[in-house]
Every structure is written in C-alpha cells, then in structure tokens.
*Asks:* 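Shown below is the structure under consideration.
Here is how names work: the chains are called A, B, and so on, in the same order as the sequence lines, proteins then strands, and each is numbered from 1.
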There are 2 protein chains.
Amino acid sequence: MIIRLDMQSDVPIYTQLMNQIIEGIASKQLAPGEYLPSVRSLASDIGVNLHTVNKAYTLLKQEGFIQIHRQKGVVVNPDGMPGITPDYQHKQEAQLRPVIAEAICRGMDKAELLRIVESFYDDITQEPKENA
Amino acid sequence: MIIRLDMQSDVPIYTQLMNQIIEGIASKQLAPGEYLPSVRSLASDIGVNLHTVNKAYTLLKQEGFIQIHRQKGVVVNPDGMPGITPDYQHKQEAQLRPVIAEAICRGMDKAELLRIVESFYDDITQEPKENA
DNA sequence: ATATCTGTTATACAACAAATATAACAGTTG
DNA sequence: CAACTGTTATATTTGTTGTATAACAGATAT
C-alpha cells in the first residue's frame, strides 16, 4: 500500500499514518491477517523517525485494528475489526457534529450532504485503485 | 447561548469554542447580526483567558462566520455565511474521509452511516432546546 | 551460537502549540 | 473623562510532536 504524507499539514504524521492504514483496511487494500512493515522499515521508507511509526502502531493496537506480536511483527487484526462500541459512537459524534454544523452554516442542504458522504463511502469501498 | 467546555478533552479550548459557535449559528440560536459577548466577558464567564477567546474569534473571522468591529464588538456576519468554496470542500473531505473509513472498518453499512448523519443534521437544525 | 530481525523502553533534545498572566495601546461610547 | 471595545506585545508554563541514540529481549535464519 502506498503511503502519502503531507509534511506541511497541521495533521500530525502519526495521525496521517493511522488514517491511511484505517482507510487501507476499509478499502480492503489491507486484509485481516496481512502483515504491515516493521516500524523501522516503514519509518525508513517514508523518511520519519521510528518512534513516529511506533506511536501510530501503538494507538492502532489500542483501538483493536492491528495486533502486535512481540518479535514477530505487526498484523492487521485477523480476529476482525473492532465493532460499534459506545465509546466509538461518542467519538464519532464528536467528529461528525462540527463537520455537519459547518456544512449547515454554509448552506449545504441535507440531500447534498448525504450525497457527499455516500460518494466518499463508495469511493473508499471501491478502491483498490493502486495503479493510475 | 450556553457554552459547555470540557477541560479534560484533547480538543483545544479555542476549537471547542469555534465548534459551539458554529453549531449555534447552524441551529439558529445565533442569528446573523446578533452580537456575541466581548472577549473579556466571555473569557470571564467560562473561566478562560482573554487570548483563548480572542483566538477563536479571530479564526471565525478569517473564515467569514463573524465580523469584528474594532471598538464596537463581535457580530455574527450579517452579510450571511461563507459559501461552499473549493478550500472548504477540501477541508471537509479531509475531515470526513477518516471518519467514514473507520465506520466502514467497524462494519457500519452505508444506510446506517447515512441515517446517523441525517439524525445529527436534524438534531442540529431542530434546536433550539435551550430549556431542558 | 551468532548475527539479524522483531517490538519495546528509556533518555534527551528541539520545535511548536495551547493556555495563562500582565500590561499597554487606540479608538468608541456613555 | 471614565469605561468599554478589539489589538498588540511580552513572558511563562505546560504539553505535544518529532527526532536522535541507545540499549534490551525474544524470535529466527544461517
């Protein structure tokens, strides 16, 4: 999977990494059971420090997306993804409400917003588009 | 309008302030032309520093949600809200994609996600529920 | 067994962001 | 003139982000 980082972004690198790995899983470019690069090799590939990758991996492990087998490597959770927990629902609401509120302010009607969400949903689930 | 801050949150206070003001406008609890408290009085009310409120106001001004009249006060933009600019669309995509990708990972199907977005949309547009 | 690969931990450092604390300035309004 | 606006400046504290090294401990391949 190709990782694209924007070093100019105000989004932390470890967050960009987490987001791209999660989208990779959502788009089935990364399948459960599939191994991810080691912290050192990924860090080297994308030109960041080992600890930055390790932070992303550790947080993804805490949320249940990946498993880390000591001395063996990092693998997309073969037991499946975490489900819709109450904690997750609260986090999702905290993320969605501000986005929806701003859309409303700017005059976006409900149908248009739903159309946009749907198109992103389709776009993610219809990857892989690895080759361009 | 009632402002609720979570001092334990990892979301910066000035961001929480911006979000709540934007949701206040979206829900029509704050109407265009309506005056907001001065930086000093709001800061005093919610128990934060003057500069924290000023940062939120300044950013809201930059995005076009409010106007700041020197020596007169802060007012919800009476010329209307900013529209759907390309910059905004990019920001919105950057905010939405990670949320949608995680929802997909966790097994939320498209209909359920759309239902959630719709319910938040309705919830925001059907405030004010000031009295509980 | 020895070298090499894992993740893990620890420490130190630089740069930056967030928030506070004071203070002062410059216009507006009562 | 006093009191209120937003604005600007400076300083300090605290926490986050990211880098840099280094070492540890277990697994694996030669």
*Asks:* Looking at A:S38, does any N or O in its side chain come under 4.0 Å of the phosphate oxygens OP1/OP2 on C:dT6?
*Replies:*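 Yes.
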*Asks:* Rounding to a whole Å, what distance do you find between B:Q8:CD and D:dG15:P?
*Replies:* 12 Å
*Asks:* Please state how far atom NZ in A:K61 lies from atom C1' in C:dT9, giving the value in whole angstrom units.
*Replies:*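 Atom NZ in A:K61 sits about 12 Å away from atom C1' in C:dT9.
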*Asks:* Does anything in residues 38-50 of chain A pair up under side chain to side chain donor-acceptor pair (under 3.5 Å), and if so which pairs, sequence neighbours excluded?
*Replies:* A:S38-A:S41, A:N49-A:H51
*Asks:* Only counting residues at least two apart or in another chain, list the ones meeting side-chain contact (heavy atoms from CB on, under 4.5 Å) with B:D10.
*Replies:*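 Not a single residue meets the side-chain contact (heavy atoms from CB on, under 4.5 Å) criterion with B:D10.
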*Asks:* Quickly work out the B:N54 CG to C:dC25 P distance and round it to whole Å.
*Replies:* 19 Å
*Asks:* Could you list the residues that satisfy side chain to side chain donor-acceptor pair (under 3.5 Å) with B:N19, not counting sequence neighbours?
*Replies:*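 Counting only residues at least two positions away or on another chain, B:N19 forms no side chain to side chain donor-acceptor pair (under 3.5 Å).
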*Asks:* Is there a side-chain polar atom (N or O) of B:T52 under 4.0 Å from OP1 or OP2 of C:dT20?
*Replies:*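 Result: yes.
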*Asks:* With sequence neighbours excluded, what pairs up with B:D122 under the salt bridge (Lys or Arg N to Asp or Glu O under 4.0 Å) test?
*Replies:* A:K110
*Asks:* Let me know the distance between CG of A:L42 and C1' of C:dC5, rounded to the nearest Å.
*Replies:*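 To the nearest whole Å, that distance equals 16 Å.
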*Asks:* Just jot down the side chain to side chain donor-acceptor pair (under 3.5 Å) partners of B:Q89, sequence neighbours excluded, or say none.
*Replies:* none
*Asks:* For residues B:C105 and A:F65, determine if any side-chain heavy atom of one lies less than 4.5 Å from a side-chain heavy atom of the other.
*Replies:*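 The answer is yes, as the side chains (C-beta and beyond) meet within the 4.5 Å cut-off.
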*Asks:* Taking only residues two or more places apart in sequence, or in another chain, which ones meet B:K91 in a salt bridge (Lys or Arg N to Asp or Glu O under 4.0 Å)?
*Replies:*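 Salt bridge (Lys or Arg N to Asp or Glu O under 4.0 Å) list for B:K91, sorted by chain: A:E102, B:E63.
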*Asks:* Nucleotide by nucleotide, 5' to 3', does protein get under 4.0 Å of the base (B), only the sugar-phosphate (S), or neither (-) in nucleotides 20-30 of chain D, counting heavy atoms?
*Replies:* BB-B-BBS---
*Asks:* Please say which of B:L36, B:V75, B:N77 ends up in a side chain to side chain contact (heavy atoms under 4.5 Å, CB included) with B:I66.
*Replies:*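 Testing each of B:L36, B:V75, B:N77 against B:I66, the sole residue satisfying side chain to side chain contact (heavy atoms under 4.5 Å, CB included) is B:L36.
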*Asks:* By side-chain contact (heavy atoms from CB on, under 4.5 Å), which residues pair with B:D87, not counting sequence neighbours?
*Replies:* B:T85
*Asks:* Would you mind reading off the distance between A:Q62 atom CD and C:dG7 atom P, rounded to a whole angstrom?
*Replies:* 16 Å
*Asks:* Starting from P on D:dT17, measure out to CG on A:L17 and report it in whole angstrom.
*Replies:*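 Whole-Å distance recorded here is 13 Å.
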*Asks:* How does protein contact run along nucleotides 13-18 of chain C, one letter per nucleotide 5' to 3', with B for base contact, S for sugar-phosphate only, - for none, heavy atoms under 4.0 Å?
*Replies:* -----S
*Asks:* Rounded to the nearest angstrom, tell me the gap between atom NE2 in B:H69 and atom P in C:dT29.
*Replies:*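 It works out to 11 Å between those atoms.
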*Asks:* Just how far, in rounded Å, is P of C:dA19 from CE of B:M7?
*Replies:* 8 Å
